[in-house]
Amino acid sequence: MQFETLPGFREFYPEACARRNHIFSQWRKVARAFNFSEYDAPVLEPLELYIEKSGEEIVGQLFNFEDRGGRAVAMRPEMTPSLARLVGAKANGLKRPIKWFNIGEHYRYERPQKGRLRAFYQYNVDIFGEAGPGADAELIALLVQALQAFGLAVADFKVRLSDRDLWLLMLAAEGLDSDASAAVLGIVDKLERMDREKAVEKLCPIVGDEADAFLSRIEAVIAIRDFDTLSAHMRSLASEGDIADQIVARLQEWQELLKRLNAAGAGEFIQIDLGIVRGLAYYTGFVFEAFEASGAGRALAGGGRYDALVKKLGGPEMPAVGFAMGDVTLADLLDSKGLTANYVQSPDFIAIIGGAEARDAAMADSAVIRSMGYTVEYPLKDQSFGKQFKEANNKGARFALIYGSDEIEKGVFKLRDFASGAEKEFPRDALAEVIPELIASGLES
RNA sequence: GUGGCUAUAGCUCAGUUGGUUAGAGCAUCGGCUUGUGGUGCCGAGGGUCGCGGGUUCGAAUCCCGUUAGCCACCCCA
C-alpha cells in the first residue's frame with residue numbers, strides 16, 4: 001500500500017526544512033528585536049470559537065470533526081480567536097501594552113493553488129491595550145523590518161495603508177447609515193477584481209440611481225496616494241459639525257502614524273491606498289496589506305486594528321492591532337527574487353580514518369570537538385582515503401582531520417584546510433586549544 | 001464548489017502514422033589496490049508509462065472515467 005501526502009499538505013525534506021527554519025528564525029529574530037514575547041496555543045479548538053468570530057459560513061473552510069467526547073472541534077484556521085481568548089482571560093494581570101507573537105501551522109480546507117495550501121505557517125504579531133496610532137506604527141514598522149530581514153527592499157515590496165474609520169466618516173458624510181456603509185465597504189474590497197458595471201449594479205440598491213456618480217467618487221478616493229490630497233479631500237466633505245470634527249481628529253492620527261513610520265525608517269515602503277479595506281468586518285481602524293512591489297500575486301501579509309474582537313469573544317474591552325504573514329507567499333516571492341539562499345548544512349570537520357586504531361582516536365577527538373559545539377562527521381564504515389576526501393568535499397566540510405597510522409604513532413592528527421589546501425600536524429593533547437583558533441581564522445597556506 | 005492544462009526512473013525530459021525487451025542526462029550505489037579534493041573512467045540498481053476500464057492482433061501512444069498536481073474563478077479570517 002502506497003500512501004501519498006494529503007492535498008495541500010507539504011513534506012519537508014531536509015533542504016526544504018532548513019529553508020522553512022530560516023524563515024522562522026528571521027521572523028523570530030525581528031519580533032524579539034522589537035521585544036515581543038512568543039506564545040503558543042492549541043492546534044485543535046472548539047468549532048464554536050471560529051463560528052463566533054466569523055459566522056456559520058466559516059465551517060465549510062475548516063478541517064472540523066466531532067471528537068470522541070462528542071465535542072465539535074476544528075483545526076485552527078487562524079490564530080486571532082485563540083489569542084483573543086488567551087489575552088482576554090488574563091487581561092487584568094498583563095502589563096500593557098501586551099506585545100506578543102507566534103509562529104504556527106494553520107489549516108484551511110480550501111482548494112490549493114498558487115500561494116495557498118491547506119496547511120501553512122503563519123507569523124502572527126499583535127499589540128493589545130494601546131488604542132493610539134503608536135501601536136499601529138510599531139506593528140507596521142515591525143512588518144516592514146520582517147520583510148527586509150529576508151533581503152527584500154523598496155523595489156521588492158510595499159505596504160498598502162488604508163483606514164476603515166476614514167471610510168466610515170466619508171460614507172457618513174454621504175448620508176449612509178452603518179449597515180449601508182458596511183455593504184459599500186464589502187464592494188470596495190472587491191472593486192479591484194470586479195467590472196465597473198457590476199459594481200454599479202451592486203451599489204444601486206444601496207445608493208439608488210446615483211450609483212454611477214457615487215462609484216466615481218469612491219474611485220477618486222481609491223486613487224489617492226499622498227496624505228495631503230487625502231487630507232484635503234476629507235476636509236472638503238464636511239466643513240462643520242460632528243463629522244467634520246471627527247475627520248479632523250482622525251487626520252491627526254494619520255499624521256502621527258505617518259510621522260512615526262518615517263522616523264522608524266519604514267516610510268518609503270508605505271503606500272496610501274484606500275482600496276484596501278480587508279473583507280471581514282471586525283477591523284475597526286487602520287488596515288494594511290503587504291504586496292510584491294508590482295502589486296501582483298497574493299498579499300504577503302495583512303492586518304489592522306480590531307478593537308472590538310476581544311470583547312466579542314468574551315474578554316474585556318481591549319484595543320488591539322495585529323498582522324499575519326504566511327510562509328507560502330513569502331517563500332514564493334523570495335524564490336522569484338533569487339533570495340532563496342542555499343541552506344545545505346555543512347560540517348565544520350570531517351575525520352579521515354585510516355584503520356581500526358585510527359577510528360578510536362578519531363571518535364575520541366570528535367567527542368571533544370562536538371562537546372565544544374562544532375560539527376564533526378566521519379565515515380561509518382572503512383573506506384579508502386581517496387573516497388573519504390571526495391566525500392568530505394561533497395559534504396562541504398571546512399576541514400579534514402586526518403588520522404592515519406603515521407599520525408597515530410606520533411600522537412598527532414593532521415589538519416587540512418580545504419579552502420587553502422594547507423596542512424599541519426597538531427598534537428592530539430592540544431586539540432581543545434587548537435580547535436577554536438582554527439574555526440576563527442583557518443589554516444594559512 | 002466550477003472550469004482549463006498536465007501526468008513516462010528520485011529530478012529534468014525523449015519516446016516516430018499504435019509495432020519486438022520503454023531510453024538519455026543528472027542524482028544514487030559499487031569499483032578504478034587504505035595517504036589526499038566538486039573532475040575522470042568502468043559498472044550497477046531504479047519504471048504496473050498516475051490509477052481503472054474500453055478500442056485493437058498489438059496501447060506509454062487512441063477513447064471514456066477517476067485521482068493527483070498546476071493555473072484561473074468562488075473564497076481568502
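Quick note: numbers below take in every heavy atom, side chains included, and nothing from hydrogens, waters or symmetry partners. The chains referred to below are lettered A, B, ... by the order of the sequence lines, with proteins before strands, and numbering in each begins at 1.
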Whichever of A:F9 and A:N394 has the more 5' nearest nucleotide on RNA chain B, that residue is A:N394
Starting at CZ of A:R298 and ending at P of B:C71, how long is that distance when rounded to a whole Å? 10 Å
Could you check how far CG of A:L300 sits from C1' of B:C76, rounded to whole Å? 15 Å
Aromatic-base stack, A:F389 on B:U36, cutoff 5.5 Å, angle under 30: yes
Classify the nucleic acid contact of A:K114 as base, sugar-phosphate or nothing, counting any heavy atom under 4.0 Å across all strands shown. sugar-phosphate
Check every strand shown and say whether A:Q61 touches a base, only sugar-phosphate, or nothing at a heavy-atom separation below 4.0 Å. base
Here the distance between atom C1' of B:C76 and atom CZ of A:F120, to the nearest Å, is 9 Å
Looking for any heavy atom pair under 4.0 Å, which part of the strands does A:S405 touch: base, sugar-phosphate only, or nothing? base
Give the rounded distance in Å between these two atoms: CZ of A:R118 and C1' of B:G1. 12 Å
Where do A:R359 and A:D382 land on the salt bridge (charged side-chain N to carboxylate O under 4.0 Å, His left out) test, with the steps shown first? CA-CA 9 Å; A:R359 180 172 292 275; A:D382 293 339; 3.1 Å; yes
Nearest whole Å is fine: how far is B:C75 P from A:I187 CD1? 13 Å
Base, sugar-phosphate alone, or nothing: which one does A:G355 contact when heavy atoms must sit under 4.0 Å apart? nothing
Nearest-0.5 Å distance that lies between atom CG in A:L257 and atom CD in A:E253: 9.5 Å
Report the base-pairing partner of B:A44 (Watson-Crick or G-U wobble, both distances below 3.5 angstrom), or none. B:U28
Under 3.5 Å, is there an N or O donor on one side and an acceptor on the other linking the side chain of A:R278 and the base of B:A77? no
Of A:E289 and A:K414, whose closest RNA chain B nucleotide lies nearer the 5' terminus? A:K414
State, with a plain yes or no, whether a side-chain heavy atom of A:L83 is found less than 4.5 Å away from one of A:Y39. yes
Has the side chain of A:Q113 got a donor or acceptor atom sitting under 3.5 Å from an opposite partner on the base of B:G69? no
So, does the side chain of A:Q388 form a donor-acceptor pair with the base of B:U34 at under 3.5 Å? no
Report which part of the nucleic acid A:F418 touches: base, sugar-phosphate, or nothing (heavy-atom distance under 4.0 Å, all strands). base
Take the protein atom NZ of A:K387 and the nucleotide atom C1' of B:G38, then report the distance between them rounded to whole Å. 14 Å
Distance in angstrom units between A:I353 CD1 and B:U34 P, rounded: 16 Å
Taking any heavy-atom pair under 4.0 Å as a contact, classify A:K395: base, sugar-phosphate, or nothing. nothing
Where do A:F63 and A:F9 land on the ring-ring contact (aromatic ring centres under 6.0 Å, His included) test, with the steps shown first? CA-CA 13 Å; A:F63 278 92; A:F9 283 73; 5.7 Å; yes
Classify the side chain of A:R111 versus the base of B:C73 as yes if they form a donor-acceptor pair under 3.5 Å and no if they do not. no
Any donor-acceptor N/O pair, A:R250 side chain to A:D163 backbone, under 3.5 Å: no
Looking at every strand, decide which applies to A:Q122 at a 4.0 Å heavy-atom threshold: base, sugar-phosphate, or nothing. nothing
When rounded to whole Å, the CD to P distance for the pair A:E425 and B:G35 reads 16 Å
Would you verify whether the NZ or CZ of A:R398 falls within 45 degrees of the ring axis of A:F418 while also being under 6.0 Å from that six-membered ring's centre? no
